[in-house]
Amino acid sequence: MQRILVTGGGGLLAYQLKKIAPRDLEFHFLGHAEFDLANPALMAQRLAELQPQVVINTAAYNLVDRCEIERDLSWAVNAMGPQILAELCSAKNIRLVHYGTDYVFDGAKKSPYNETDVANPVNHYAAGKLAGEQAVLRASSAHLVLRTSWVFDWHPTQVKTFIHTVLKMAREGRPIKAATDQMSVPTFASDLAQWTLELVHKDANGLFHAVNDEGLSRFDWTKSILAEAVHARLISTEPPVGPVLSSFFNATMRRPDYTVMSNQKLSRQLGRPLGSWREGMRKMLAQMN
């Protein structure tokens with residue numbers, strides 16, 4: 001029986017992997033205390049104990065603004081941790097699945113990014129994530145990196161996704177403003193989990209953009225969330241959304257304004273369309289009822 005170790009065991013993506021884990025595979029979900037990317041000795045110990053054939057690394061330091069402040073910690077988790085893990089896995093002939101981010105792009109292209117496009121990070125979080133994914137791909141040709149964006153889904157305890165934030169503001173009657181100049185692709189974590197297991201089954205390797213269909217702005221996504229929430233009877237009426245530029249929020253770091261990624265390579269690999277995030281959003285909102 002193939003043994004799979006999943007890091008970041010308490011997180012959103014790990015939760016979805018756990019829900020669909022096939023019975024013919026042996027899964028081990030380890031949280032931060034049990035598998036810390038900033039602790040090489042602990043990682044080596046866990047790999048020696050469990051002897052997995054595959055590691056799926058869902059752990060990361062993804063408090064994007066905090067990465068500008070806690071630079072050493074974020075680099076240790078997002079860059080050095082994946083590098084050391086990838087090298088440990090390579091030495092033991094273990095396949096590693098690692099997740100990257102759309103933020104590795106600077107947004108200058110203004111059309112969907114492909115895997116062959118040159119990355120150019122504009123903030124510390126993105127620089128760390130890029131260094132991590134490059135190290136993973138360098139360590140072994142068997143390793144797999146999936147870049148994703150704007151991940152969302154239902155989780156029993158994690159209620160800080162963008163969808164949760166928008167609904168909370170609507171219910172509290174607070175004014176809602178959203179950026180018209182930030183574009184990417186929302187990605188349903190349940191879909192991402194399913195793609196991951198299919199790719200593991202296919203022994204896929206290299207770099208893929210793992211996102212749903214249809215990029216849009218934060219403003220348009222917010223409007224879609226509210227409209228669907230009315231339909232799901234989570235709120236009674238759809239409140240207005242004020243269109244603003246991202247500069248309105250006085251963020252402590254620079255964000256790329258366009259990071260829509262093309263999923264055509266992954267779609268070809270899996271032999272089917274990857275589907276819209278809209279269906280995933282409907283499923284999530286139905287669970288929130």
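When reading the values below, keep in mind they use all heavy atoms of this one structure, side chains included, and skip hydrogens, waters and symmetry mates.
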Between [X] and [Y], is there a donor-acceptor pair closer than 3.5 Å when you use the side chain of the first and the backbone of the second?
{"X": "Q16", "Y": "Q194", "value": "no"}
{"X": "T7", "Y": "T58", "value": "yes"}
{"X": "H28", "Y": "L50", "value": "no"}
{"X": "E34", "Y": "G31", "value": "yes"}
{"X": "S217", "Y": "M183", "value": "no"}
{"X": "S90", "Y": "A86", "value": "no"}

Mind checking the [atom1]-[atom2] spacing from [X] to [Y]? Nearest 0.5 Å is all I need.
{"X": "D65", "Y": "R255", "atom1": "CG", "atom2": "CZ", "result": "4.5 Å"}
{"X": "L285", "Y": "E228", "atom1": "CG", "atom2": "CD", "result": "6.0 Å"}
{"X": "I94", "Y": "L5", "atom1": "CD1", "atom2": "CG", "result": "8.5 Å"}
{"X": "N212", "Y": "M281", "atom1": "CG", "atom2": "CE", "result": "11.5 Å"}
{"X": "L245", "Y": "T180", "atom1": "CG", "atom2": "OG1", "result": "5.0 Å"}
{"X": "R278", "Y": "F188", "atom1": "CZ", "atom2": "CZ", "result": "14.5 Å"}

If hydrophobic clusters are built from ILVMFWY residues whose side chains come within less than 4.5 Å, do [X] and [Y] share one?
{"X": "M43", "Y": "L73", "answer": "yes"}
{"X": "I163", "Y": "I176", "answer": "yes"}
{"X": "I225", "Y": "W154", "answer": "yes"}
{"X": "V104", "Y": "L63", "answer": "no"}
{"X": "F208", "Y": "L17", "answer": "yes"}

| request: Show the numbers, then the answer: is there a side chain to side chain contact (heavy atoms under 4.5 Å, CB included) between W195 and L146? | output: CA-CA 10 Å; W195 304 333; L146 303 178; 5.7 Å; no
Does [X] reach the side chain of [Y], with side-chain heavy atoms less than 4.5 Å apart?
{"X": "R66", "Y": "S74", "answer": "no"}
{"X": "L130", "Y": "R147", "answer": "yes"}
{"X": "V260", "Y": "P112", "answer": "yes"}
{"X": "N57", "Y": "V136", "answer": "no"}
{"X": "Y99", "Y": "V151", "answer": "no"}
{"X": "M253", "Y": "H124", "answer": "no"}
{"X": "N123", "Y": "C67", "answer": "no"}
{"X": "I4", "Y": "V6", "answer": "yes"}

Taking [X] first and then [Y], would you say they form a salt bridge - that is, a charged N and a carboxylate O separated by under 4.0 Å?
{"X": "D257", "Y": "K110", "result": "yes"}
{"X": "E198", "Y": "K202", "result": "no"}
{"X": "E279", "Y": "R282", "result": "no"}
{"X": "E133", "Y": "K129", "result": "no"}

[atom1]/[X]: more than 12 non-hydrogen atoms of other groups inside 6.0 Å:
{"X": "Q264", "atom1": "CD", "answer": "no"}
{"X": "K19", "atom1": "NZ", "answer": "yes"}
{"X": "D24", "atom1": "CG", "answer": "yes"}
{"X": "R3", "atom1": "CZ", "answer": "yes"}
{"X": "D203", "atom1": "CG", "answer": "yes"}
{"X": "R174", "atom1": "CZ", "answer": "yes"}

Kindly give the heavy-atom pair with the smallest separation between [X] and [Y], and that separation in Å.
{"X": "S262", "Y": "N114", "value": "CB-OD1, 3.4 Å"}
{"X": "V211", "Y": "S149", "value": "CG1-OG, 3.4 Å"}
{"X": "A210", "Y": "L192", "value": "CB-CD1, 3.7 Å"}
{"X": "L199", "Y": "L270", "value": "CD2-CD2, 3.9 Å"}
{"X": "K265", "Y": "L207", "value": "NZ-O, 2.7 Å"}
{"X": "L197", "Y": "P22", "value": "CD1-CD, 3.8 Å"}

| Regarding K18 and the six-membered ring of F29, is the cationic atom NZ or CZ under 6.0 Å from the ring centre and inside 45° of its axis? |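 Satisfied, under 6.0 Å and within 45°.
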| query | Does the pair V185 and H209 meet the rule for a side chain to side chain contact (heavy atoms under 4.5 Å, CB included), with working shown? | reply | CA-CA 11 Å; V185 186; H209 288 171; over 6 Å; no
| request: Report yes if the distance between the aromatic ring centroids of W150 and W277 is under 6.0 Å, otherwise no. | output: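 Not under 6.0 Å, so no.
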| side-chain hydrogen bond (donor to acceptor under 3.5 Å, both in side chains) between T259 and S184: does it pass, once the steps are laid out? | CA-CA 5 Å; T259 56; S184 193; 3.3 Å; yes
| Taking the inter-plane angle between the rings of H155 and Y15 on a 0 to 90° scale, is it parallel (under 30°), tilted (30 to 60°) or perpendicular (over 60°)? |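 If you compare the ring of H155 with that of Y15, the planes turn out tilted.
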| request: Would you sort out whether D213 and N263 count as a side chain to side chain contact (heavy atoms under 4.5 Å, CB included), showing the intermediate values? | output: CA-CA 7 Å; D213 296 338; N263 61 17; 2.8 Å; yes
| field | L37 vs Y61, side chain to side chain contact (heavy atoms under 4.5 Å, CB included): CA-CA, chis, key distance, verdict | value | CA-CA 10 Å; L37 289 177; Y61 190 115; over 6 Å; no
